[in-house]
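A short worksheet on the structure shown next.
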Amino acid sequence: MEETVKFIKGKICGRQPEIGVILGSGLGELADEYCDIAIPYNDIPNFIKSTVKGHKGRLVFSDIAGKQVVMMQGRNHFYEGHTIQEITYPVKIMKKLGVKFLILTNAAGGINESFRPGDLMIISDHINCIGTNPLIGRNDDSLGERFPDMTEVYKKDLIELAESCAKELEIPVKKGVYLANSGPSYETPAEIRMARIFGADAVGMSTVPEAIVANYCGMNVLGISCISNTASSTGGATLSHSEVIETADKVKKSFKNLILKIIQKIN
Ligand code: HPA
């Protein structure tokens, strides 16, 4: 981590980002528009590169509304074959760079029957069905404790802030529980019925590992899902990655405005 942090600090001219944003599938435009310094993951010692279409793979630093922000334009996923510890490494680096607030975003399938493709959902809590945990291994006491509490991973005041920003912008938002599977296969109808019984409102293949690590490190986490499709529940329509990207593309403007407003108001 020392090597990674030293390399990044050498590139960012004394900046100290206080807000981190991880941009999900099709939602990376914010980092194109607000980009002062960009460092490709490939150049960063000990980082892994992103391999999925629709994910760019660079760390972007910018000043947004007077706030220092670091954005991950594209994330690494467990299904790419990386370990869960590797995919959450950037969160630890953000912590070491001084990030206090982490905004996690993703594209997700809607499980709640009132959700429609294109809806935005503020994450109230999560269910980890990935089958492993990013904190497995020797504990680094400089980051957090061995058995971290997870009663409020997604901070109530940040949820309220996101809701009030959405209201101000007249963007309708839902709120709900995000369930993470490893992927890369989408769910079967039976798995979605199970997830609904579990209490999940949306399903995806990311976010939960990063949220666990960020909470463990003492960061304030906010999560927002773009509901890109109806999760396979009726067995009717089939699902493709291009559909996920297409929906994300349609809502990216309101999504971006919401994130910008939140960044402006967060403190
Ligand atoms: N399932 C899992 N991950 C997803 C989905 C889905 O339906 N949509 C976008 N990411």
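Any value given below was found using the heavy atoms of this structure, including those in side chains, with hydrogens, waters and symmetry copies removed. When a ligand or atom number is given, it counts from 1 through the structure's own listing order.
- Among protein heavy atoms, atom 3 (N) of ligand 1 sits closest to G204 CA, 3.3 Å.
- Residues D32 and Q73 bring a donor and an acceptor atom of their side chains to less than 3.5 Å of each other.
- Taking the charged nitrogens against the carboxylate oxygens, K167 and E160 have no contact shorter than 4.0 Å, which rules out a salt bridge.
- Of all the atoms in ligand 1, the ones that sit under 4.0 Å from a non-hydrogen atom of L239 are 7 (O).
- For ligand 1, the atoms closer than 4.0 angstrom to any heavy atom of N229 are 5 (C), 6 (C), 7 (O), 8 (N), 9 (C).
- Heavy-atom contacts of G109 reach the following atoms of ligand 1: 5 (C), 6 (C), 7 (O), 8 (N), 9 (C) (cutoff under 4.0 Å).
- Of all the listed residues (A107, G183, A180), A107 holds the heavy atom that lies closest to atom 10 (N) of ligand 1.
- Of the candidates E243, M205, E187, E191, E187 brings a heavy atom nearest to atom 1 (N) of ligand 1.
- Taking every heavy atom of S228 and a limit of under 4.0 angstrom, the matching atoms of ligand 1 come to 8 (N), 9 (C).
- Between the side chains of N76 and E86, no donor-acceptor pair of N or O atoms lies under 3.5 Å.
- E3 and N46 share a donor-acceptor pair across their side chains, judged by distance under 3.5 Å alone.
- With respect to R75 and E210, a salt bridge is recorded, a charged nitrogen being found less than 4.0 Å from a carboxylate O.
- The residues R15 and D36 are annotated as salt-bridged, a charged nitrogen and a carboxylate oxygen being separated by less than 4.0 angstrom.
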